[in-house]
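From a predicted model like this one, the values you see are computed outputs, not experimental measurements.
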Amino acid sequence: MPEREPVQPSLLSGFPAVPPPPSAPRPAPELPVARVSVESPLPQLDRPFDYLVTEELHDAARPGVRVKVRVAGQEHVGFILERRETSDAGVRLTPIAAVLSPLPVLTPEVAELASAVAERWAGALGDVLRFAVPPRAAKVEAQFARDLAAGEGQDEADDAAGEPRAGTRPSDPDPSHHVTDASVAAGWTELRHGAAFLRHLAAGGSPRAVLSAVHGFGPAAWPQLVAGAVAAARSSGRGALVVVPDRRDLARAHAALEAALPGERVVRLAAEDGPSTRSRGFLELLTGRAHVAVGTRGAAFAPVPSLGLVVCWDDGDDLHAEPRAPYFHTREVLLLRAEQTGCAVLIAGHTVSAESERLAATGWLQRIAAERSVLRRSLPRVTSTADSVESARDPLARIARLPHAAWQLARDALADGPVLVQVARAGYAPSLACTRCREPARCRQCAGPLAERAAGRERTVECRWCATPERDFTCRACGGHGLRRTAVGALRTAEELGRAFPGAVVVTSSGDAVKADVPDAPALVVATVGAEPVAPSGYAAAVLLDGDTLLRRESLRAPEEALRRWLNAAALVRAAGDGGRVVITAGESEAVAALVRWDPAGFAARELDLRRELGLPPAVRVAALTGAAPDVEAFLAAARPLLDIPGVRVAGPVEREPEGPGPHEQAAAVRALVFFPIASGATLTRGLRNVRMSLAARRETGPVQVRVDSPDVL
């Protein structure tokens, strides 16, 4: 057999050398399988994936750490949920690419809560974890580790010298230390069951209550009430979490908590504080250096150690509803957390939401409220311009925007201090209509609503959606060219009041110029709903304008929301004994009557009874399915077994009207509403989540948005 000629090196000079086959990664000696939740908006990836833990990552790849993994050829960030001995995937496992941080930022308690939230709102676990764990800040982590090491070294030195450690609380705190402090417990003793609630907290119990607060300023204001409850929980050695709607409430609650807990770190968690500040506060809670947190919506997932109390202030505020997937609500997240951990619950506000009233009616929440004698002594006198007495005095009160009674009250009260004027809308004239046919004026570019804006002395008309100026308006309905104001904003109101009260100081708080507080000096403070500043000694009076505008909103919750806004504003006014008065300009309604009587619980009970009769939330639960018509129909067909459950009913699908600018709003979309009993809630939401994942994996339909119990659906 002839010998094979050797290959000439010149023939291989143009090809790279073939590397030797890589050696297989060596698995970790113990629990080599990691279950990882991947951060991805794709529904088909909304499940844990098994990965191989290599020998090199054995010590670092602990449950709760943030890792980098590969899914379908792309790198994703995820969290290790658990380590296991074996995998049931049935395929060769891909190794974890890297451990991004050795710090276990996802605690088992928060991981369990995130999973429950994903099921409760038929959402993706990755979307929930995006809120639960802030983005990694490597520099903050490194600095925090150095500070932690330095602090531990100082603690050891203090122990050796026999000195107490700085910034720590007694190991066996005295329950009466904070509860009997008059500055901390102010206001609780005047509330029915209030003192008992604090005693129960201080003794290590877990009471659950809904609180109807009275004051919005002074030593018995709601921040002091919340601080008193937190101090009682801390006196039993447990942590506390407070969630508020916005940054103004956050600033007040944070200051009250720091005053009630001297020498203790109170962590503030808010997106507007920046990622570094939020990350450091998160790490302080995670490592047990802080036990009290206060923040806005996302703080509901804060890893507070030894959690003993969760507080939600003003749960009816729509800022508690997350506008991004999975569209959770702060109140419900805290209630889920209380069920899992067995901690105490306090749902507080000047009003009572229908959801809280339902829980109180079942006995799950205990009512805490002031006696009628305390209300009469503490509240301002409230008058409606629609009652028979005022109507007889001023027959034109129903059609005047500023009736004589309101004008007279503002004039008289200006001598005693600031006067609050609440209006429904910001801007100058946020709503315009055709003079001839009264049809709403629309933009010729995007069909958005036209508004009149003020810049100094100039007045311009432009679209509220796309900001296109309108210089030659033509009505699409009748061809008319004239415009009339159908709504007056805060700036226009301030301008009119400046002419009606010459020489008076006029302050505005609305839009991008919201003020947190105003001095006690005489002034007319014109504020939009929700943007009312606080006066240190309370307002001398308040005039609540545009009441009918709030009541006419196209929403199931319009009366409830209007009453909440009015009560929040009226709580900022001095007591009737100090001359405090409130005038509301609105027609006769249950909400106005509840304001005059200051009876938010009674109004909520009647509202809940009415919704039970009609089969509407919160007596039932609702899921909104939104998308292109064929996609929604396919979703409903796939969910047919769920829709056949007794008590489930479907409304729609029907076409949606555009809600704002942008190409996505111009595409044809339909919405179907699925109403289902509360008892079947877990089955329905779990099933809707599985249908969403299944359709996305098969890629047979387009995306369908699933929103469960969203307050703006109805």
Side-chain angles (χ1 to χ4, degrees), residues 37 39 64-67 77-79 100-107 109-111 113-114 117 125-148 151 167 223 226 230 239-258 261 264-307 309-313 317 319-330 333-334 337 514 516:
S37 175
E39 286 188 351
V65 301
R66 187 183 271 115
V67 295
V77 176
F79 296 92
L100 298 180
S101 171
L103 191 65
V105 291
L106 180 62
T107 64
E109 177 192 329
V110 175
L113 175 65
V117 169
L125 178 59
D127 287 335
V128 182
L129 293 178
R130 186 177 69 246
F131 296 100
V133 182
R136 180 174 180 246
K139 291 184 178 179
V140 175
E141 282 189 12
Q143 182 62 44
F144 184 81
R146 289 192 293 268
D147 295 345
L148 191 63
V226 170
V230 171
L241 172 61
V242 180
V243 184
V244 297
D246 56 39
R247 59 185 181 183
R248 294 189 309 139
D249 291 337
L250 175 58
R252 297 185 65 195
H254 186 254
L257 287 170
E258 287 190 322
L261 302 170
E264 182 163 348
R265 175 81 169 105
V266 178
V267 170
R268 169 181 166 136
L269 298 174
E272 59 265 20
D273 289 341
S276 298
T277 302
R278 183 186 175 199
S279 179
R280 184 167 184 88
F282 179 86
L283 293 176
E284 289 181 339
L285 293 169
L286 190 68
T287 56
R289 293 174 66 87
H291 290 77
V292 179
V294 56
T296 51
R297 203 163 47 227
F301 299 92
V304 177
S306 303
L307 185 62
L309 172 67
V310 292
V311 181
C312 182
W313 167 254
D317 195 313
L319 292 177
H320 280 299
E322 174 55 49
R324 296 169 293 177
Y327 314 106
F328 61 82
H329 193 284
T330 298
V333 173
L334 295 180
R337 196 162 186 180
V514 176

A.B. asks: Are the side chains of L307 and E109 in touch, meaning some heavy atoms are under 4.5 Å apart?
C.D. replies: yes

A.B. asks: Looking at every non-hydrogen atom in both residues, tell me the closest pair between G288 and P305 and how far apart they are.
C.D. replies: CA-CG, 4.1 Å

A.B. asks: Measure the spacing between CD of E39 and CZ of F79 and express it to the nearest 0.5 Å.
C.D. replies: 4.5 Å

A.B. asks: Can you check whether V226 reaches V294 side chain to side chain, under 4.5 Å on heavy atoms?
C.D. replies: no

A.B. asks: Checking D246 against V514 for the side-chain contact (heavy atoms from CB on, under 4.5 Å) test, could you report, in this order, the C-alpha distance in whole Å, the side-chain angles of both residues, the deciding distance, and whether it holds?
C.D. replies: CA-CA 12 Å; D246 56 39; V514 176; over 6 Å; no

A.B. asks: Look up atom CG in L285 and atom CG in L241, then write down how far apart they are to the nearest 0.5 Å.
C.D. replies: 8.5 Å

A.B. asks: How close do V105 and F282 get, heavy atom to heavy atom, and via which atoms?
C.D. replies: O-CZ, 3.3 Å

A.B. asks: Given F144 and R289, is the side-chain contact (heavy atoms from CB on, under 4.5 Å) satisfied, shown in steps?
C.D. replies: CA-CA 11 Å; F144 184 81; R289 293 174 66 87; 3.7 Å; yes

A.B. asks: Indicate yes or no: at least one non-hydrogen side-chain atom of R66 is less than 4.5 angstrom from one of V133.
C.D. replies: yes

A.B. asks: Starting at CZ of R280, measure out to CG of D273 and round the result to the nearest 0.5 Å.
C.D. replies: 14.5 Å

A.B. asks: In plain terms, say whether R130 and D127 are close enough for a salt bridge, that is, a side-chain N and a carboxylate O under 4.0 Å apart.
C.D. replies: yes

A.B. asks: Taking all non-hydrogen atoms of both residues, which atom of P326 and which atom of F131 are closest, and how far apart?
C.D. replies: CD-CE1, 4.1 Å

A.B. asks: Taking the side chain as every heavy atom from C-beta outward, state whether V243 and H320 have any atom pair closer than 4.5 Å.
C.D. replies: yes

A.B. asks: Measuring only between side-chain heavy atoms, which start at C-beta, is F301 closer than 4.5 Å to V333?
C.D. replies: yes

A.B. asks: Would you name the heavy atoms of L334 and C312 that are closest together and state the gap between them?
C.D. replies: CD1-CB, 3.7 Å

A.B. asks: Quick check on R247: does its CZ atom have over 12 non-hydrogen neighbours (other residues, nucleotides or ligands) under 6.0 Å away?
C.D. replies: no

A.B. asks: What distance separates R268 CZ from E258 CD, expressed to the nearest 0.5 Å?
C.D. replies: 9.5 Å

A.B. asks: At their closest point, which heavy atom of P245 faces which heavy atom of T296, and how far apart are they?
C.D. replies: O-CG2, 3.9 Å

A.B. asks: Rounded to the nearest 0.5 Å, how far apart are CD of E284 and CZ of R265?
C.D. replies: 4.0 Å

A.B. asks: Taking all non-hydrogen atoms of both residues into account, name the closest pair between V65 and P102 and its distance.
C.D. replies: CG1-O, 3.6 Å

A.B. asks: Under 3.5 Å, side chain of R337 to main-chain N/O of A300, donor-acceptor pair present?
C.D. replies: yes

A.B. asks: To the nearest 0.5 Å, how far apart are CD in E322 and OH in Y327?
C.D. replies: 9.5 Å

A.B. asks: Is the shortest side-chain heavy-atom distance between P323 and R297 below 4.5 Å?
C.D. replies: yes

